[in-house]
Amino acid sequence: MLKLHSTLSGELEQVVQDESRPLRMYVCGPNLYAPCHVGHAMSYVLFDVLRRYMEYRDIDVQHVQNFTDIEDNILRKAQEDGVTIDELAEEHIARFYDDMAALNVQRAHEYPRATHEIPKIIELVTRLIEKDYAYEVDGDVYYRVAKRPDYGKLSGQDIEEMLAGARIEPGEQKENPGDFALWKAAKAGEPSWDSPWGPGRPGWHIECSAMSLRYLGEQIDIHGGGQDLIFPHHENEIAQTEAATGVEPFSRIWMHHGLLRLPNSTEKMTRHLGGLIPIDDVIQRWGTDALRTFILFSHYRKPLTFTEEALDSAKSGADRLRTAARAAEDASPAGEAVDAAPYREHFIEAMDDDLNTAIALAALFDLAREINTARDEKRPIADAQAAMLELAGILGLTLEDTEAAMGAAPFIELLIDVRKELRDAKQFEQADNVRNGLEALGIALEDTAEGTAWRQG
RNA sequence: GGCGACGUAGCCAAGUGGUUAAGGCAGGGGUCUGCAAAACCCCCAUCAUGGGUUCGAAUCCCAUCGUCGCCUCCA
């Protein structure tokens with residue numbers, strides 16, 4: 001039984017699928033004003049692993065992730081670049097899909113965009129006004145926080161405390177400093193949509209509520225995102241959605257992960273501050289398996305620091321798994337075959353316990369050792385290797401050589417033949433030149449009793 | 001100031017009351033090899049500090065020091 005920690009209850013909650021429908025998972029996606037960085041990769045890889053594992057455990061998942069394509073940063077960036085917000089969004093959505101493919105992240109079932117959901121947003125705001133949870137002032141619509149006694153339940157904040165510290169920006173006409181905008185009246189030059197309150201645009205939090213309601217219904221099973229979204233974003237989503245539907249809790253489980261920190265710093269990575277690391281840079285240098293291994297080496301609720309050393313270490317580890325999973329079995333194996341069952345059980349036990357990927361990986365490393373030992377002893381390993389690839393696949397690890405290396409395979413084989421002739425002639429110096437030359441290109445040769453194998457090193 | 005986390009070997013990191021504190025990386029010593037590489041074997045921590053609770057604590061409590069996140073637009 002899979003259990004996940006919920007921020008709302010502070011405890012482990014059982015993940016169970018309602019028999020009448022798929023399990024509903026909503027993950028907060030990016031705001032589309034800049035490319036995604038490694039911190040986003042960490043988030044999306046985590047939820048990808050969660051989904052893959054749930055599916056492995058025969059849970060049918062409906063996975064929705066939003067694109068927020070209207071908010072202050074996007075308006076500002078579009079203006080700076082002299083493009084429309086739509087053009088800006090399209091550019092970053094295309095890049096997002098490329099990044100997800102490179103990360104081996106499975107596509108969500110739906111990727112709704114805020115600006116494509118305006119009717120649903122207006123409907124939701126209207127309902128909140130009707131229920132007296134929201135009020136309109138000069139074309140702005142605000143959520144009335146004080147009407148919700150349990151406001152703050154997710155972040156553990158006390159409403160009185162928060163209101164004491166909050167401020168009203170100039171030009172805002174809130175009843176209460178803690179109130180937040182559901183709808184913002186259009187300013188000159190900004191894109192806007194017609195609404196019962198005049199032309200305007202949605203506030204920051206409302207789009208997620210609207211999209212979640214439209215694509216997943218009034219109550220969902222898992223709502224996820226980074227810990228930086230707990231307040232105010234998710235707190236406000238809960239307030240809006242529960243007020244509008246009367247259904248509590250809006251999401252059974254609120255799942256939040258720790259944030260990635262910058263190298264040479266102890267602070268989190270964020271696009272506001274610069275110094276970001278684009279996802280494709282990391283994948284080009286270390287590879288997808290290494291990046292995913294780096295992320296999964298620690299528990300998702302803890303912060304993680306991005307360092308080159310840690311990525312190198314993760315890459316070496318991933319290579320070790322790949323070597324064990326891909327090594328050729330002896331031509332005529334004999335003796336006791338490796339039994340992967342105990343490792344599979346260990347893996348499942350770890351994953352069930354709030355997605356303990358560090359222990360799940362440890363189980364794979366233990367299995368790798370046993371496979372390697374059995375291979376040395378010429379015992380059957382193929383079944384165990386298949387099990388290993390299956391379990392690694394749950395973590396989204398392919399344990400494959402890159403396409404570039406695969407494309408070069410015929411040439412590498414040719415050089416191996418040449419080197420063999422040199423070795424047979426005891427011309428070791430020249431043979432070593434071939435090997436060293438390949439190594440410089442990232443190809444390592446390994447001489448075995450059956451001949452010479454090569455791999456990416 | 002409020003709320004929430006965290007501090008385990010050279011590095012990353014699991015473990016949250018009870019056999020010898022997972023796993024990875026790096027390092028040292030072996031086996032194998034023409035030499036390597038890979039692989040395998042062996043070695044490498046008493047858990048920030050100080051108290052306390054307990055038969056027993058890295059695990060619970062208190063204090064101290066240090067670090068981080070959130071407290072309105074960030075995964």
Side-chain angles (χ1 to χ4, degrees), chain A residues 7 10 27-31 34 36-44 46-47 68 71-74 152 155-158 160-162 164-167 169 177-181 203-205 224-233 235-236 256-261 265-273 293-294 297-299 301-305 307 309-321 323-324 327 346 350 356-366 368-369 371-373 375-377 423 426 428-429 431-432 435-436 439 444-449 452-455 457:
Chain A
T7 308
V27 177
C28 275
N31 289 1
C36 291
H37 58 253
V38 206
H40 295 91
M42 176 183 176
S43 184
Y44 306 143
L46 164 69
F47 289 107
T68 294
E71 48 96 26
D72 289 359
N73 284 315
I74 295 168
S155 54
Q157 302 279 328
D158 180 71
E160 302 293 330
E161 296 275 355
M162 282 189 294
R167 288 183 188 170
E169 296 293 318
D179 293 351
F180 56 91
W204 175 38
H205 317 294
Q227 284 171 348
D228 53 350
L229 295 180
I230 295 172
F231 191 91
H233 188 55
E235 193 72 71
N236 290 352
H256 294 101
H257 61 261
L259 301 174
L260 193 70
R261 295 176 179 175
S265 163
T266 53
E267 294 172 350
K268 72 166 176 173
M269 187 176 291
T270 175
R271 290 185 290 196
H272 304 316
L273 303 176
T293 301
F294 162 70
F297 252 143
S298 74
H299 189 84
R301 282 197 279 132
K302 288 195 173 179
L304 185 60
T305 303
T307 64
E309 195 181 13
L311 265 293
D312 286 344
S313 171
K315 177 168 170 37
S316 297
D319 285 345
R320 178 175 167 76
L321 295 179
T323 302
H346 198 193
N356 195 328
T357 52
I359 289 182
L361 274 170
L364 291 188
F365 281 104
D366 290 340
R369 170 169 287 113
I371 287 173
N372 288 332
T373 300
R375 184 182 55 148
D376 286 352
E377 296 169 355
R423 292 180 69 210
K426 305 282 186 208
F428 294 121
E429 198 171 324
D432 288 350
R435 185 173 64 197
N436 294 340
E439 189 173 359
L445 298 189
E446 295 171 8
D447 297 326
T448 71
T452 299
W454 65 271
R455 63 182 178 83

May I ask which nucleotide in the shown strands pairs with [N], Watson-Crick or G-U wobble, both distances under 3.5 Å?
N	value
B:U19	none
B:C40	B:G30
B:A75	none
B:C6	B:G66

A:R435 with A:D432: basic N within carboxylate O range, under 4.0 Å: yes
Nearest-nucleotide 5' precedence on RNA chain B, A:P232 against A:A362: A:A362
Sugar-phosphate, base or nothing in reach of A:D366, heavy atoms under 4.0 Å: sugar-phosphate
Touch class at under 4.0 angstrom, heavy-atom based, for A:G224 against every strand present: nothing
Mutual orientation of the aromatic rings belonging to A:H233 and A:W204 [parallel < 30°, tilted 30-60°, perpendicular > 60°]: parallel
Rounded distance in Å between the P positions of B:G17 and B:A13: 22 Å
Interatomic distance at C1', B:A39 relative to B:C47, whole Å: 32 Å
Listed partners of A:Y44 passing ring-ring contact (aromatic ring centres under 6.0 Å, His included), at least two apart: A:F96
Distance, nearest 0.5 Å, that separates CG of A:L46 from NE2 of A:H299: 8.5 Å
Under 4.0 Å protein heavy-atom contact, by nucleotide of nucleotides 3-13 of chain B - B base, S sugar-phosphate only: S---S---S-S
Nucleotides 33-39 of chain B: protein proximity per nucleotide (B base, S sugar-phosphate only, - neither; heavy atom, under 4.0 Å): -BBBBSS
Short side-chain N/O contact from A:N31 to OP1 or OP2 of B:C73, under 4.0 Å: no
Distance below 4.0 Å between A:N73 side-chain N/O and B:C74 OP1 or OP2: yes
Heavy-atom pair with the smallest gap, counting every atom of A:L361 and A:T293: CD1-O, 4.2 Å
Where A:Q227 and A:L259 come nearest, the two heavy atoms and their spacing: N-CD2, 4.0 Å
